[in-house]
Structures are given as C-alpha cells and as structure tokens.
Q: 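The structure follows.
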Amino acid sequence: MATTQKRRTTQTRQTAGRTTAAKSRSTQSRTPSSMLRGWAKKSLGLVPSTGERAIVIQAFYGLRELLGQKLQTEASTVKSSKRFDWSTWNAQVFIKIVGGNPVQAEEETVTAIGNALAELAHSFLAPRFSPERDECLAQLAAVNIESIERRQANRALSDAIGAATSTMGGADGFDAEDFDGDDEDDDDDFEDAAEISEADDDDDD
C-alpha cells in the first residue's frame, strides 16, 4: 500500500512538472504581437488592426479631415445659406463616398477603400500626395497621426492654461476675463475653431 501511494505521488509530481514546463515554453514562444492581441481581446474586446487595414484606417481618418477642411473653407467663400456640416460628413457622406468604414469592412473591401482614398487624395489634394497608391496611403496615415498628436498637445496646453488661470483667480481675485484684453472677436474665433474641431467628434482615430 505504501508502494502504491509513493507511485501516485511520483506520478502527480511528474504531471505537475510537465504542465509547468509546457506553460513556460508557451510563454517563451509568445511574441510581443501575440501578447498584445491577447490582452486587447481579453481587456478591450477587440483585435488590433494590422497590415494594410491598419494603414487604411489611419489614411481614412487623415483624408476625411483634410477633405472636410477643404470643403468647409471653400463653402465659406460661396454666397449661400448652406453650411458644411461636420457631423453628416463624418458619419455618413465620407463613408459612402469611399465605400465603407475600414474598421468594420471585410478584407477585400478594405483594399477597395484604400484605392478610393488614394484616388480622392490625388484628385483633390495634389500635388501634396503621391499618385502611387501605397505611398499615398502612408502619407495620409502620417497626416492622421500628426493630427492626433497636435490635438493631444492642444488639450494639454488648454488644461495647463485653465489650471494656471484658476490658480491666479483664486489667489488675486481675477478671473479669465481680466486677461482678455479688448478683443471683441474672441467668440467668433472660438466658434470657427469649434467648427474645425468637429472633425474630432467621431471616434477616430
């Protein structure tokens, strides 16, 4: 009976050892990319885009912003009561023009969307962007990344100014209007900036 118990203990230890070794090999064989995918799927419920889809997604948002700004600027020069609407442009018009949203699209549709983005950029924003498809998409993607970085920097600066103004107001009895000189066009400036920044309202980026 003692011999049987000893055999069972030995088998249990061997099994545990093999399991531990297998887990160790599995962890060692996992690449940073696979670990990121696993974490994103478990924690965020998504699979990060890679390859052409990742480039097309960035290019999609970059071109959407650039063409929107172009159309808004040109519309302001036309004597008409109609105004460019960022919400409609972002959520409906641009998606329809390029053939879909690359975030949810099937692989073959992503390729078609990339073709549409390159064609639009070359037609309406030349010579800023290359006529070569892949290079054009990379340039558009860079525009979106720069835009994200710029917005983040602006938000950080705005937060810092707000915090400094609040501190000065609390200490000396001043408020934000005391630092506003006599520029009566501030409201118009803010409205113009708000219209331009409406491109950020969609879940881009």
Q: Would you mind reporting whether Lys41 and Leu36 have side-chain heavy atoms less than 4.5 Å apart?
A: no

Q: Side chains of Glu119 and Ser123 only: does a donor on one sit below 3.5 Å from an acceptor on the other?
A: yes

Q: Rounded to the nearest 0.5 Å, what's the gap from CZ on Phe94 to CG on Asn101? Could you check?
A: 10.0 Å

Q: Can Trp39 be reached from Met35 by stepping across I, L, V, M, F, W or Y side chains whose heavy atoms are under 4.5 Å apart?
A: no

Q: Side chains of Tyr61 and Val103, heavy atoms from C-beta outward: is any pair under 4.5 Å?
A: yes

Q: With rounding to the nearest 0.5 Å, note down the distance linking CG in Leu117 to CD1 in Ile57.
A: 11.0 Å

Q: Would you check if the side chain of Arg53 reaches a backbone N or O of Ala105 as a donor-acceptor pair within less than 3.5 Å?
A: yes

Q: How far apart are the C-alpha atoms of Arg83 and Asp85, what are their side-chain angles, what is the distance that settles it, and do they pass the side chain to side chain contact (heavy atoms under 4.5 Å, CB included) test?
A: CA-CA 6 Å; Arg83 300 184 64 184; Asp85 181 70; over 6 Å; no

Q: What's the spacing between Ile55 CD1 and Thr50 OG1 if we round to 0.5 Å?
A: 10.5 Å

Q: Would you compute the distance between atom CZ of Arg37 and atom CZ of Arg30 and round it to the nearest 0.5 angstrom?
A: 11.0 Å

Q: Backbone N or O of Thr109 within a donor-acceptor pair of the Glu106 side chain at under 3.5 Å?
A: no

Q: Are Ile97 and Val110 grouped together when hydrophobic residues (ILVMFWY) are joined by side-chain heavy atoms under 4.5 angstrom apart?
A: yes

Q: Could you please spell out the steps behind the side chain to side chain contact (heavy atoms under 4.5 Å, CB included) verdict for Leu125 and Leu63?
A: CA-CA 9 Å; Leu125 299 174; Leu63 183 61; 3.6 Å; yes

Q: Taking atom CD of Gln58 and atom CG of Leu140, what is their separation to the nearest 0.5 Å?
A: 11.0 Å

Q: Would you say Trp89 ends up clustered with Phe124 if hydrophobic residues are merged whenever their side chains have heavy atoms under 4.5 Å apart, either directly or through other cluster members?
A: yes

Q: Are any side-chain N or O atoms of Ser43 and backbone N or O atoms of Ala40, one a donor and one an acceptor, separated by less than 3.5 Å?
A: no

Q: For the side chain of Thr77 and the backbone of Glu74, is there at least one donor-acceptor N/O pair under 3.5 Å apart?
A: yes

Q: I would like to know whether Thr111 and Glu52 meet side chain to side chain donor-acceptor pair (under 3.5 Å); could you show each step before the answer?
A: CA-CA 8 Å; Thr111 299; Glu52 183 181 38; 3.1 Å; yes

Q: Determine, stepwise, if the pair Phe129 / Leu66 fulfils side chain to side chain contact (heavy atoms under 4.5 Å, CB included).
A: CA-CA 12 Å; Phe129 295 98; Leu66 289 177; 3.5 Å; yes

Q: Any Lys/Arg nitrogen of Arg150 or Glu146 sitting under 4.0 Å from an Asp/Glu carboxylate oxygen of the other?
A: no

Q: Any side-chain to backbone donor/acceptor pair from Thr73 onto Gln69? Under 3.5 Å, distance only.
A: yes

Q: Using 4.0 Å as the upper bound for N to carboxylate O, is an ion pair formed by Arg155 and Glu149?
A: no

Q: Can you see which heavy atom on Pro102 is nearest to which on Ile113, and at what distance?
A: N-CD1, 3.8 Å

Q: Could you give me the CA-CA distance, side-chain angles and deciding distance for Ser130 and Gln139, then say whether side chain to side chain contact (heavy atoms under 4.5 Å, CB included) is met?
A: CA-CA 8 Å; Ser130 170; Gln139 291 171 335; 3.7 Å; yes

Q: With the threshold set at 4.0 Å, does a side-chain nitrogen-carboxylate oxygen contact exist between Glu65 and Arg151?
A: yes

Q: Between the side chain of Thr165 and the main-chain N/O of Ile161, is any donor-acceptor distance below 3.5 Å?
A: yes

